[in-house]
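Before any comments, here is the structure.
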Amino acid sequence: MTTTVWDGVTRTLHWGLAGSSLAALGTGFLAPEWWLPWHVAAGAVAGTAVAGRGIWGLFGPGPARFGAFVLHPRAVWHHVVSAARREPRAHYGHPPAGALMAVLLLVVVAALGVSGLVAHGGREDLGPLHGVVGGAAGAGAARVHAWLAWGLLALVAGHLAGVAAESALSRDNLVRAMITGRRANAPAPGPAERRPARPRAALAAATGLAIVAAPFAVGHPVTAGRAVSPTHSAAVAPTDPAYKKACDDCHMAYPPGLLPAESWRRLMANLDDHFGENAFLMPGTKEKVRRYLTANAAGTADTEAARHFRHVDPAAPLAVTETPYWRRRHAGIAKARFKAAPVKAKSNCKACHRDATSGWFRDAAIDPPAAGGGPPRKQ
Ligand code: HEC
Ligand code: HEC
């Protein structure tokens with residue numbers, strides 16, 4: 001006789017969370033930089049599923065409720081030991097180790113969501129926290145995010161192994177049970193597992209959460225295309241009219257955050273021999289431009305790019321494209337790619353970075369065709 005153990009909401013949230021987490025792991029670990037919007041979208045779905053599961057854990061039917069989870073360390077230990085001894089199973093809903101795994105998975109995915117939001121706000125100036133967190137906080141959050149992602153991979157492996165072992169010991173296909181909701185050999189439910197769902201309370205909680213979260217989500221761009229959020233850009237994009245007039249002719253006016261102050265000082269002192277060109281300026285203009293560039297040099301702006309471009313190659317301190325960071329980030333791109341149209345030169349940042357003039361160099365604004373992801377784009 002089959003028994004219905006898992007209700008439709010629990011199953012939908014389970015598979016929604018599984019699918020979106022796998023998509024986020026895949027895009028996070030394997031996809032190129034410019035897939036970031038898809039990674040963020042998968043993360044947003046996973047975060048929503050965790051929030052939903054949290055609410056359903058409070059108001060859902062018995063087996064789905066956190067109240068029915070047996071998490072006591074001794075119970076978990078006994079459960080694992082009895083599995084090692086191949087003792088038969090008598091758990092209706094989650095067995096203790098399964099309940100602990102479910103909680104760990106939910107907590108880690110939630111932490112991935114939070115660290116991802118901070119990283120996205122700080123490093124990319126996008127998402128609900130754009131303009132709120134700085135580049136240093138974003139970089140720290142990104143590091144935590146990466147560690148948590150490895151942790152999630154390990155948990156997923158443990159979860160699959162646990163389900164396989166538990167299926168064998170209980171003589172029930174627990175994967176199918178999470179799909180159909182029904183178990184063939186389920187024992188009788190415990191008292192906590194008989195509690196009915198409170199759908200109206202769950203709906204009220206979900207609505208409340210949505211109302212609180214909506215203002216953060218609405219009006220805040222998740223992705224960056226041609227139009228990117230202007231909040232922080234003003235601080236890092238070349239805004240000084242004298243600078244733009246003087247240096248926007250032969251190449252784009254590089255955002256000042258791409259070189260440290262000392263490099264700008266030296267570059268401005270040698271304009272008559274500027275990469276083989278004469279970039280002569282009247283003394284008054286030259287002084288204005290020099291002051292602007294040094295005041296907004298790398299290290300002063302709090303963007304990911306400006307934090308990294310503080311370090312130059314002593315042998316070529318005036319070239320952005322010779323900095324260790326630039327070389328590292330572009331090491332994977334074929335040399336021919338830079339020479340071919342529409343790029344033509346390494347220094348032509350705009351050809352591959354749609355937001356180059358903003359100074360942000362967001363992942364989502366990298367142009368895959370120009371960067372080597374397909375046929376070159378016509379300009
Ligand atoms: C007469 C044309 C001309 C003008 C005007 C000019 N530049 Fe340049 N600049 C060049 C050339 C040519 C290069 C070398 C580009 C290359 O290597 O692909 C260059 C390279 C650079 C680089 C290094 C880019 C890299 O490869 O990393 C910086 C930084 C730079 N210029 C800043 C400035 C600034 C600041 C001004 C305004 C004071 C300015 N340029 C005005 C022609 C010019
Ligand atoms: C041929 C295309 C191309 C050109 C030209 C180019 N880039 Fe890039 N850039 C890329 C690609 C592709 C990546 C992503 C590399 C990766 O996967 O790590 C990247 C990454 C970056 C990053 C790191 C972005 C991040 O947030 O992870 C920065 C900063 C950057 N480029 C700055 C520049 C600057 C400054 C210039 C001009 C001086 C420039 N790039 C010229 C293709 C290009």
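First listed ligand is number 1; within each ligand, the first listed atom is number 1. These numbers come from a predicted model, not from an experiment. Counting begins at 1 with the first residue of the sequence.
Considering only non-hydrogen atoms, atom 43 (C) of ligand 2 lies nearest to Cys352 out of Ala351, Ala345, Pro32, Cys352. Checking Cys349, Pro368, Ser347 against atom 41 (C) of ligand 2, the nearest heavy atom belongs to Cys349. Considering each of Tyr325, Phe361, Phe338, the one bringing a non-hydrogen atom nearest atom 23 (C) of ligand 2 is Tyr325. Of the candidates Phe280, Tyr292, Tyr254, Trp326, the one placing a heavy atom closest to atom 28 (C) of ligand 1 is Tyr254. Here the shortest heavy-atom distance to atom 1 (C) of ligand 1, taken over Ser263, Cys250, Gly276, Pro256, belongs to Cys250.
The protein non-hydrogen atom at the shortest distance from atom 12 (C) of ligand 1 is Glu277 CG, 3.6 Å. Remark: minimum distance from atom 22 (C) of ligand 1 to any protein heavy atom is reached at Phe275 CE1, 3.5 Å.
For a threshold of 3.5 Å applied to N or O pairs, the pair formed by Asn278 and ligand 1 contains no separation below that value. The N/O atoms of Thr321, backbone and side chain alike, include none that comes under 3.5 Å of an N/O atom in ligand 2. For a threshold of 3.5 Å applied to N or O pairs, the pair formed by His330 and ligand 2 contains at least one separation below that value. Looking at ligand 2, you won't find any N or O of Arg362 less than 3.5 Å from one of its N or O atoms.
Within the 4.0 Å heavy-atom cutoff, Asp249 does not count among the residues contacting ligand 1. For Lys346, the heavy-atom gap to ligand 1 stays at 4.0 angstrom or more. At least one heavy atom of Trp264 sits closer than 4.0 Å to an atom of ligand 1.
Note on ring orientation: taking the six-membered ring where Trp is involved, the planes of His330 and Trp326 are parallel (angle under 30°, cut-offs 30° and 60°). Classified by interplanar angle (parallel below 30°, tilted 30° to 60°, perpendicular above 60°), the ring pair Phe309/Tyr325 is perpendicular. Using a 30° and 60° split on the angle between ring planes, His353 and Phe361 fall in the perpendicular class, above 60°.
With a 4.0 Å heavy-atom cut-off, ligand 2 is reached by the backbone of Asn348 but not by any atom from C-beta on. At a 4.0 Å heavy-atom cut-off, ligand 2 touches Glu304 through the side chain alone.
Every atom of ligand 1 with a heavy atom of Leu259 under 4.0 Å away is listed here by number and element: 29 (C). The Leu258 neighbourhood of ligand 2 comprises atoms 35 (C), with distances under 4.0 Å to a heavy atom of that residue. The contact set between ligand 2 and Ile333, taken as ligand atoms under 4.0 Å from a residue heavy atom, comprises 10 (C), 11 (C), 12 (C), 42 (C). Short contacts between ligand 2 and Glu33, defined as distances under 4.0 Å to a heavy atom of the residue, involve ligand atoms 14 (C), 16 (C), 17 (O), 18 (O), 25 (C), 27 (O). For ligand 1, the atoms lying closer than 4.0 Å to a non-hydrogen atom of Val320 are 25 (C), 27 (O). Of all the atoms in ligand 2, the ones that sit under 4.0 Å from a non-hydrogen atom of Val343 are 5 (C). Each of the atoms 12 (C) of ligand 2 lies under 4.0 Å from some heavy atom of Trp34. Atoms of ligand 1 found under 4.0 Å from any heavy atom of Leu318 (numbered from 1 in listed order, with element): 23 (C), 29 (C). Residue Ala319 approaches ligand 1 through these ligand atoms, each under 4.0 Å from one of its heavy atoms: 27 (O). Taking every non-hydrogen atom of Ala279 and a distance limit under 4.0 Å, the qualifying atoms of ligand 1 come out as 4 (C), 5 (C), 6 (C), 41 (C).
Residue Arg265 places its CZ atom among more than 12 non-hydrogen atoms of other residues, nucleotides or ligands, all under 6.0 Å distant. Residue Trp35 qualifies as open at atom CH2: its count of foreign heavy atoms under 6.0 Å is 12 or below.
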Between His91 and Ser170, is the side-chain contact (heavy atoms from CB on, under 4.5 Å) condition met? List the steps. CA-CA 8 Å; His91 302 286; Ser170 63; over 6 Å; no
Please test Trp34 against Asp363 for side-chain contact (heavy atoms from CB on, under 4.5 Å), starting from the C-alpha separation and ending with a verdict. CA-CA 5 Å; Trp34 50 87; Asp363 291 5; over 6 Å; no
Quick one, Phe29 with Trp150, criterion ring pair (Phe, Tyr, Trp, His ring centres under 6.0 Å). Give me CA distance, side-chain angles, the key distance, then yes/no. CA-CA 10 Å; Phe29 278 116; Trp150 284 107; 4.7 Å; yes
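Linking Ile, Leu, Val, Met, Phe, Trp and Tyr whenever their side-chain heavy atoms come within less than 4.5 Å puts Leu259 and Tyr292 in one cluster. The same ILVMFWY cluster, assembled from side-chain heavy atoms under 4.5 Å apart, contains both Val50 and Leu148.
Ionic pairing of Arg171 and Glu166 is not present here: no N-O contact between side-chain nitrogen and carboxylate oxygen is shorter than 4.0 angstrom. The pair Arg307-Glu304 fails the salt-bridge criterion, with no side-chain N (NZ, NE, NH1 or NH2) lying under 4.0 Å from an Asp/Glu carboxylate O. A salt bridge between Arg327 and Asp313 is present, with a side-chain N of the basic residue lying under 4.0 Å from a carboxylate O of the acidic one.
Interatomic distance, His145 NE2 to Ser115 OG, rounded to the nearest 0.5 Å: 5.0 Å.
Not one N, O or S atom of Cys247 sits under 2.8 Å from atom 8 (Fe) of ligand 1.
Remark: the Trp56 side chain and the Asp7 side chain contain an N/O donor-acceptor pair separated by less than 3.5 Å.
Aromatic rings of His130 and His120 (six-membered ring for Trp) have centroids beyond the 6.0 Å cut-off, not under it.
Angle NE2(His251) to atom 8 (Fe) of ligand 1 to NE2(His274): 180° [nearest 10 degrees].
Distances from atom 8 (Fe) of ligand 2 to each N, O or S atom of His353 single out NE2 as the nearest.
Here side-chain hydrogen bond (donor to acceptor under 3.5 Å, both in side chains) pairs that include residues 177-199, with residues two or more places apart or in two chains, are Asp172-Arg183.
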